[in-house]
Number of protein chains: 2
Amino acid sequence: MAEDRRTRRSRRALGSALVELVLERGFTALTVEDITERADVARATFYAHFRDKEDLFARVTADLLTELGERLAPAVADSAVGFTGKPVLEMLRHAREERDLYRIVLRGEGDGKPLRMFVDACARATAEEFRARAERNAVKPRIDPELLARVWVGEQLAVLRWWVEQDAPSLPAEEVVRMLLNLAMRGRYWASGFEPPT
Amino acid sequence: MAEDRRTRRSRRALGSALVELVLERGFTALTVEDITERADVARATFYAHFRDKEDLFARVTADLLTELGERLAPAVADSAVGFTGKPVLEMLRHAREERDLYRIVLRGEGDGKPLRMFVDACARATAEEFRARAERNAVKPRIDPELLARVWVGEQLAVLRWWVEQDAPSLPAEEVVRMLLNLAMRGRYWASGFEPPT
DNA sequence: CAGTTACTGAACAGTCTGTATGACATTGGT
DNA sequence: ACCAATGTCATACAGACTGTTCAGTAACTG
């Protein structure tokens with residue numbers, strides 16, 4: 001006996017309505033009634049499922065992270081030895097499918113709480129992976145893995161943010177990953193057009 | 001005849017109260033009355049100066065950006081040829097002085113609007129500087145300066161976020177800049193402890 | 001088909017908003 | 001030192017939104 005179909009319908013509708021409306025008007029400007037109206041659900045029903053709109057947003061984000069985590073698992077396993085770019089690529093694909101949600105999360109809607117959930121999840125996983133990788137290959141990191149992870153995630157998210165906000169026909173994900181990887185590996189000078197420093 | 005002293009006092013008090021309270025309870029949770037109470041100012045006075053709390057937050061942020069811009073100008077002039085790290089260093093110093101405000105902005109409080117103001121201002125200035133530098137040195141960027149700027153800013157802000165959120169006696173700013181610059185110049189492998197790739 | 005469970009619509013007090021008011025205090029310029 | 005201008009204050013107000021409750025109705029599961 002899975003979840004009641006009505007429950008599923010209501011939750012889904014409310015989640016979608018939230019995403020649409022935040023994109024249109026911004027999170028703060030929204031009313032619970034706006035959301036229920038768009039979702040075609042009674043206001044009382046909203047409170048049967050969620051404490052308030054923050055709660056709804058948080059759950060929608062949590063679901064997204066769960067999904068992302070599942071999709072990333074195999075890509076990460078393939079990157080055991082170094083930076084293959086596979087996880088980033090998979091994240092870009094995920095972002096393309098869930099573009100609107102990614103947009104509002106990355107914008108920091110909801111006082112940045114969903115964004116922090118996102119960043120922390122990524123940073124935590126990345127730092128762990130860095131540590132494991134260093135140990136496997138018996139090398140000693142020159143920079144605290146925690147900080148290194150934050151920087152690497154910050155870099156990826158900057159690109160991701162730029163990518164999902166573009167309205168023109170966006171660059172193919174593979175192309176973006178290529179640039180990002182080159183940038184991360186070869187450094188700024190290379191990207192700027194200079195020869196790499198000695 | 002500059003601004004009326006009473007006006008200055010009220011604005012200042014309201015701004016400080018906002019920062020304190022957002023740090024304590026988060027932007028959304030705040031009431032205009034909470035702010036005026038903390039600032040020891042009548043509620044009516046608040047509306048004489050600001051449309052709503054978003055407006056107040058936006059102005060506080062705008063002031064911060066103006067100040068930052070002024071402090072960064074000489075450092076940028078010194079970095080005409082390449083990545084000296086001087087602007088980053090100056091930003092870190094600024095962040096140390098205005099730590100609380102930096103924290104709440106970088107957290108994305110206020111639906112990320114102040115954060116976007118901050119990021120956009122930095123990215124715009126950085127991209128412009130990249131373009132100018134490329135032209136001066138007659139090199140052709142291998143990556144779109146716009147994107148490159150976003151990535152570089154994303155990286156800096158990730159570090160900045162990490163730095164201002166640390167509660168332990170924080171690393172000296174000079175040390176942080178050194179790491180960041182190494183990271184940006186030599187790339188991930190170096191930072192991870194591997195030898196740089198060929 | 002029957003029992004359970006979710007949805008509905010309406011009503012409620014309580015809180016916050018944004019605006020308006022006239023009395024009062026502080027200010028800057030003469 | 002004084003005065004006209006201007007900022008501040010306390011209070012009051014309607015309107016909107018919140019979060020809860022409840023009885024009636026519909027939909028689902030087994």
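In this text the structure is predicted, and so the values were computed from the model without any measurement. Every chain is numbered from 1, with letters handed out A, B, ... down the list of sequences.
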query = Among pairs that include at least one residue of residues 156-185 of chain A, which meet ring pair (Phe, Tyr, Trp, His ring centres under 6.0 Å), considering only residues two or more places apart or in two chains?
reply = none
SB check [X] [Y] (cutoff 4.0 Å):
X       : Y        : answer
A:Arg38 : A:Glu20  : yes
A:Arg99 : A:Glu165 : no
B:Glu37 : B:Arg43  : no
B:Arg6  : B:Asp4   : yes
B:Glu98 : B:Arg103 : no
A:Glu97 : A:Arg71  : yes

query = Cation over ring, A:Arg133 on A:Phe83, under 6.0 Å and within 45°?
reply = yes
request  = May I ask you to establish whether A:Arg107 and A:Phe27 are in a cation-pi arrangement, using a distance under 6.0 Å from NZ or CZ to the six-membered ring centre and at most 45° from the ring axis?
outcome  = no
remark   = Of D:dT11, C:dA10, D:dT8, the nucleotide closest to the side chain of A:Ala44 is C:dA10
note = Quick note, B:Thr45 side chain, CB onward, closest among C:dC16, D:dT8, C:dC7 is D:dT8
Tell me whether [X] contacts the main-chain N or O of [Y] through its side chain, where contact means a donor paired with an acceptor under 3.5 Å.
X        : Y        : result
A:Arg59  : A:Gly15  : no
B:Thr84  : B:Lys86  : yes
A:Arg150 : A:Ala123 : no

query = Which parts of residues 33-43 of chain B get close to DNA chain D, meaning a heavy atom less than 4.0 angstrom away?
reply = B:Val41, B:Ala42, B:Arg43
key: Residues from residues 15-29 of chain B lying under 4.0 Å of DNA chain D - heavy atoms   = none
query = CD of B:Glu175 to CG of B:Leu92: how many Å apart, nearest 0.5 Å?
reply = 12.0 Å
request  = Output the distance between atom CG (A:Leu171) and atom CZ (A:Arg178), rounded to the nearest 0.5 Å.
outcome  = 9.5 Å
ask   = What stem regions, each of at least 3 consecutive Watson-Crick or G-U pairs below 3.5 Å, can be found for DNA chain D?
value = C:1-30 with D:1-30
request  = Ignoring backbone atoms, test whether A:Ser10 places a side-chain nitrogen or oxygen under 4.0 Å from the OP1 or OP2 oxygen of C:dA6.
outcome  = no
note = Residues in residues 46-58 of chain B with a heavy atom under 4.0 Å of DNA chain C, by number, are B:Tyr47, B:Asp52
task = Starting from P on D:dT8, measure out to CZ on B:Arg12 and report it in whole angstrom.
result = 13 Å
ask   = Looking at A:Leu101, A:Ile104, A:Ile35, which one forms a side chain to side chain contact (heavy atoms under 4.5 Å, CB included) with A:Leu18?
value = A:Ile35
Which atom pairs link the protein and nucleotides 24-26 of chain C when you take only N or O atoms and keep those under 3.5 Å?
residue	atom	partner	partner atom	Å
C:dT26	O2	B:Arg6	NH1	2.8
C:dT26	O2	B:Arg6	NH2	3.4

